[in-house]
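Comments concern the structure below.
Just follow the structure's listing: the first ligand is 1, and inside any ligand the first atom is 1. We use all heavy atoms of the structure for the numbers below, so side chains are in, but hydrogens, waters and symmetry mates are not. All of these numbers come straight from a predicted model, not from anything done at the bench.
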Amino acid sequence: MSAETTNNELLRGGQFLVKEINCEDLFTPEDFSEEQKMMKDSVKEFVDREIWPKKARFEQKDYALTEELMRKAGELGFLGVAVPEEYEGLGMGFVSTMLVCDYISGATGSFSTAFGAHTGIGTMPITLYGTEEQKKKYIPKLATGEWFGSYCLTEPSAGSDANSGKTKAVLSDDGKYYSITGQKMWISNAGFCNLMIVFARIEDDKNITSFIVEYDSENPNGITMGEEEHKLGIRSSSTRQVFYNETKVPVENMLSERGNGFKIAMNALNIGRIKLAAGCLDAQRRVITESIKYANERVQFNTPIAKFGAIRLKFAEMATKCWVGETASYRAAKNIEDRIALRKENGKDTEQEAELKGVEEYAIECSILKVAVSEHTQDCTDEGIQIFGGMGFSEDTPMESAWRDARIARIYEGTNEINRMLSIGMLIKKAMKGHVDVLTPASAVAKELTGIPSLEKPDYSVLFAEEKIIIKNLKKLFLMVSGTALQKYGEEIEHHQQLMLAASDILIQIYLAESAILRAEKLAKKEGEEKVKEQIAMAKLNLFNAIDVIETAGKHSIISFTEGDEQRMMLMGLKRYTKYVNMPNIIELRNIIANKITEENKYCF
Ligand SMILES: Cc1cc2nc3c(=O)[nH]c(=O)nc-3n(C[C@H](O)[C@H](O)[C@H](O)COP(=O)(O)OP(=O)(O)OC[C@H]3O[C@@H](n4cnc5c(N)ncnc54)[C@H](O)[C@@H]3O)c2cc1C
């Protein structure tokens with residue numbers, strides 16, 4: 001495979017696998033505009049002043065506090081970042097929207113869930129699919145926090161299989177309204193919402209339809225609520241069942257067309273997924289900062305525990321995952337923003353279509369990020385507890401609630417299993433459509449494997465010379481394994497879930513590892529290698545860890561679906577494509593990272 005290096009060309013979703021970009025073309029948090037930096041500071045200030053000091057109340061199921069602070073967030077404009085100005089929003093771009101999701105989520109998962117459910121899946125379906133009348137009527141109220149939104153898709157028998165819901169919508173004899181009857185469950189913000197995006201089936205339609213349903217507790221229109229669910233985490237995020245008994249909804253409140261609900265649901269979730277990834281970032285930064293402050297003060301064996309190698313290893317790995325997840329999240333966010341702008345410039349799409357198609361283009365990356373960053377935050381909070389020792393297990397420190405709050409991110413917005421399979425399923429679809437040509441490079445890899453390996457030696461003294469070759473090789477490895485599996489099973493591959501999961505693990509690691517190397521390279525070019533040695537160390541450490549994951553996933557796949565000569569050939573390919581010429585000293589890398597965090601007494605990248 002000769003991976004093409006693009007010059008300033010905007011890659012399509014999934015093309016990162018077969019094309020390369022220059023580090024200068026990677027958007028990173030260092031590129032935030034002044035406006036974005038100001039937004040970040042004001043969100044952080046809000047969280048530090050209003051949310052963090054009240055953390056204990058969030059753990060005591062203080063739903064009213066969540067509602068009160070959501071209203072304040074509305075007054076400050078944070079609920080309307082993604083909403084166009086004509087509907088009383090701030091009309092900021094996708095990167096800014098991500099930035100607000102990121103920094104508003106640092107103190108408690110309760111607030112970030114309420115925020116995400118309202119601004120994302122509760123509001124965006126109307127912004128993206130609503131008629132002008134619907135948008136004028138509802139969006140200003142939602143953008144300012146006068147009203148709150150919820151998203152009612154899941155049912156007792158329809159979870160991951162979201163299109164199988166039993167909720168019915170029946171048209172009245174006079175054709176003026178639909179009557180909705182059914183049961184929804186796990187509805188975030190149900191306890192204080194004024195508007196619901198409800199998915200229901202009309203007659204025996206194949207696909208569900210989406211409706212905007214107003215809710216007024218004084219005049220409930222057949223809507224009743226279950227009690228608040230007793231949950232492991234996000235305890236002050238309202239989560240209830242919602243029952244509809246012949247709830248009357250005017251026909252003009254249908255969102256988009258009949259049967260379009262599943263599409264709306266999936267597109268809303270695509271956007272929700274990448275924002276969820278962002279919403280798992282500041283929680284990690286805060287956990288790292290709280291842990292390092294504790295570890296610098298906690299003395300055992302006459303030594304602050306932050307000085308122990310066992311603890312330093314944890315800090316290095318926690319910080320690395322956080323930084324890498326952040327890098328990949330903002331990379332994809334900027335791609336989405338640019339794609340939307342490009343579609344608008346072309347003039348073919350309406351604003352709504354441009355937004356929708358812009359995000360849809362990067363649905364693979366959205367799934368990758370949802371999975372990776374939700375798992376990073378789980379690992380980070382788990383290590384946070386470990387660093388605090390017994391105190392980590394106590395409700396008196398913020399670690400146990402952070403750990404409990406983190407757990408939900410692997411379940412909602414599509415479970416991580418579903419998202420892993422989606423990422424590969426979507427890639428296959430893109431390949432079939434010719435949007436991402438994986439077949440040509442896959443057969444080039446097959447030829448390369450039977451040929452003599454190149455004896456060309458790069459100049460290893462150049463920063464990341466070796467790592468860049470490895471990234472290229474990991475892409476070849478993905479193409480070798482998935483290309484062979486696809487040839488063998490064709491469309492039946494979808495039924496080989498364990499292979500799909502392994503392929504997805506490889507894909508995720510490649511996207512994150514490449515993003516991190518490019519960010520560190522870009523930083524080094526700007527600041528000099530010495531000044532950013534910690535970021536360089538994180539990019540190298542991450543790649544080293546990624547190779548471990550990829551080797552295991554690759555081996556499990558190869559030995560499960562090949563045999564004989566083919567298996568021997570592919571195992572040889574696995575070895576060749578995961579090979580280092582110069583192994584990094586990973587203890588040294590970890591120490592470089594841990595030293596910096598310990599000195600700064602906070603997460604500082
Ligand atoms: C706190 C909380 C808040 C939520 N908020 C909302 C909300 O606001 N609105 C809303 O509509 N929903 C909401 N949900 C629902 C959430 O999106 C679902 O719980 C989630 O989609 C999973 O569905 P399920 O719980 O029915 O699990 P299931 O679909 O029953 O899945 C159970 C397990 O089986 C696996 N599985 C399922 N199908 C497959 C398959 N085809 N292949 C392989 N593995 C599979 C899953 O990955 C999972 O591990 C919320 C849930 C929670 C817990």
May I ask you to establish whether Arg286 and Trp52 are in a cation-pi arrangement, using a distance under 6.0 Å from NZ or CZ to the six-membered ring centre and at most 45° from the ring axis? yes
So, are Glu400 and Arg404 salt-bridged, with charged N and O less than 4.0 Å apart? yes
The closest protein heavy-atom partner of atom 31 (O) of ligand 1 is Ser160 OG, 3.8 Å
I'd like to know if Arg273 and Glu413 make a salt bridge, using a cut-off of under 4.0 Å between side-chain N and carboxylate O. no
Apply side chain to side chain donor-acceptor pair (under 3.5 Å) to Ser374 and Asn416, showing your working. CA-CA 9 Å; Ser374 65; Asn416 282 15; 2.9 Å; yes
Below 3.5 Å, N or O to N or O, backbone or side chain included: is there any such pair between Tyr412 and ligand 1? no
Measuring from non-hydrogen atoms of Glu229 to any atom of ligand 1, is the shortest distance under 4.0 Å? no
So is Lys231 polar-close to ligand 1, meaning N/O to N/O under 3.5 Å? no
Would you please test Asn194 and Asp216 for side chain to side chain donor-acceptor pair (under 3.5 Å) and show each step? CA-CA 6 Å; Asn194 315 86; Asp216 173 3; over 6 Å; no
Can you check whether a protein heavy atom sits less than 4.0 angstrom from atom 1 (C) of ligand 1? yes
Examine Phe199 together with Phe262 and report whether their ring centres are nearer than 6.0 Å. no
Within the 4.0 Å heavy-atom cut-off, what Asn416 brings close to ligand 1 is neither
Close-contact set for ligand 1 against Met421 heavy atoms, below 4.0 Å: 42 (N), 43 (C)
Only heavy atoms of Gln497, strictly under 4.0 Å: list the atoms of ligand 1 that pass. 40 (C), 42 (N), 43 (C)
Heavy-atom distances under 4.0 Å are what count here, so tell me which part of Thr113 touches ligand 1: side chain, backbone, both or neither. neither
for atom 8 (O) of ligand 1, nearest protein heavy atom and its distance come out as Ser188 N, 3.0 Å
Exercise: identify the closest heavy-atom pair between Phe561 and Lys488: O-NZ, 3.1 Å
Nearest protein heavy atom to atom 51 (C) of ligand 1, by residue and atom, and its distance? Trp186 CB, 3.5 Å
Any atoms of ligand 1 less than 4.0 Å from a non-hydrogen atom of Leu153? List them with their elements. 11 (O)
Would you mind checking which non-hydrogen protein atom is closest to atom 9 (N) of ligand 1, with the distance to 0.1 Å? Tyr151 O, 2.7 Å
Hey, are Glu228 and Arg240 close enough for a salt bridge, meaning a charged N less than 4.0 Å from a carboxylate O? yes
Under-4.0 Å heavy-atom contact between protein and atom 33 (C) of ligand 1: no
So which heavy atom in the protein is nearest atom 46 (C) of ligand 1, and how far is it from that ligand atom? Thr415 OG1, 3.7 Å
NZ/NE/NH1/NH2 to OD/OE distance under 4.0 Å, Lys72 and Glu50: yes
Does a salt bridge link Lys321 with Glu375, judged by any charged N lying under 4.0 Å from a carboxylate O? no
What residue and atom, counting heavy atoms only, is the protein's closest point to atom 12 (N) of ligand 1, and at what distance? Thr154 OG1, 2.7 Å
Is any NZ, NE, NH1 or NH2 atom of the basic residue among Arg258 and Glu203 found under 4.0 Å from an Asp or Glu carboxylate oxygen of the other? yes
So is Thr239 polar-close to ligand 1, meaning N/O to N/O under 3.5 Å? no
Under 4.0 Å between a Lys/Arg side-chain N and an Asp/Glu carboxylate O for Lys263 and Glu360? no
Close-contact set for ligand 1 against Ile234 heavy atoms, below 4.0 Å: 1 (C)
If you measure every N/O of Ile408 against every N/O of ligand 1, is any gap under 3.5 Å? no
The complete set of side-chain hydrogen bond (donor to acceptor under 3.5 Å, both in side chains) pairs with one or both residues in residues 111-128, sequence neighbours excluded, reads Thr113-Tyr412
Options Ala268, Gly233, Gly159, Gly414, ranked by nearest heavy atom to atom 24 (P) of ligand 1, top entry: Gly159
Is the shortest N/O to N/O distance between Asp161 and ligand 1 below 3.5 Å? no
Taking 4.0 angstrom as the limit, do Glu365 and Lys370 come out as a salt bridge? no
How far is atom 45 (C) of ligand 1 from its nearest protein heavy atom, and which residue and atom is that? Ile418 CD1, 4.2 Å
Could you tell me the residue and atom name of the protein heavy atom closest to atom 49 (O) of ligand 1, and the distance to it rounded to 0.1 Å? Glu417 OE1, 3.5 Å
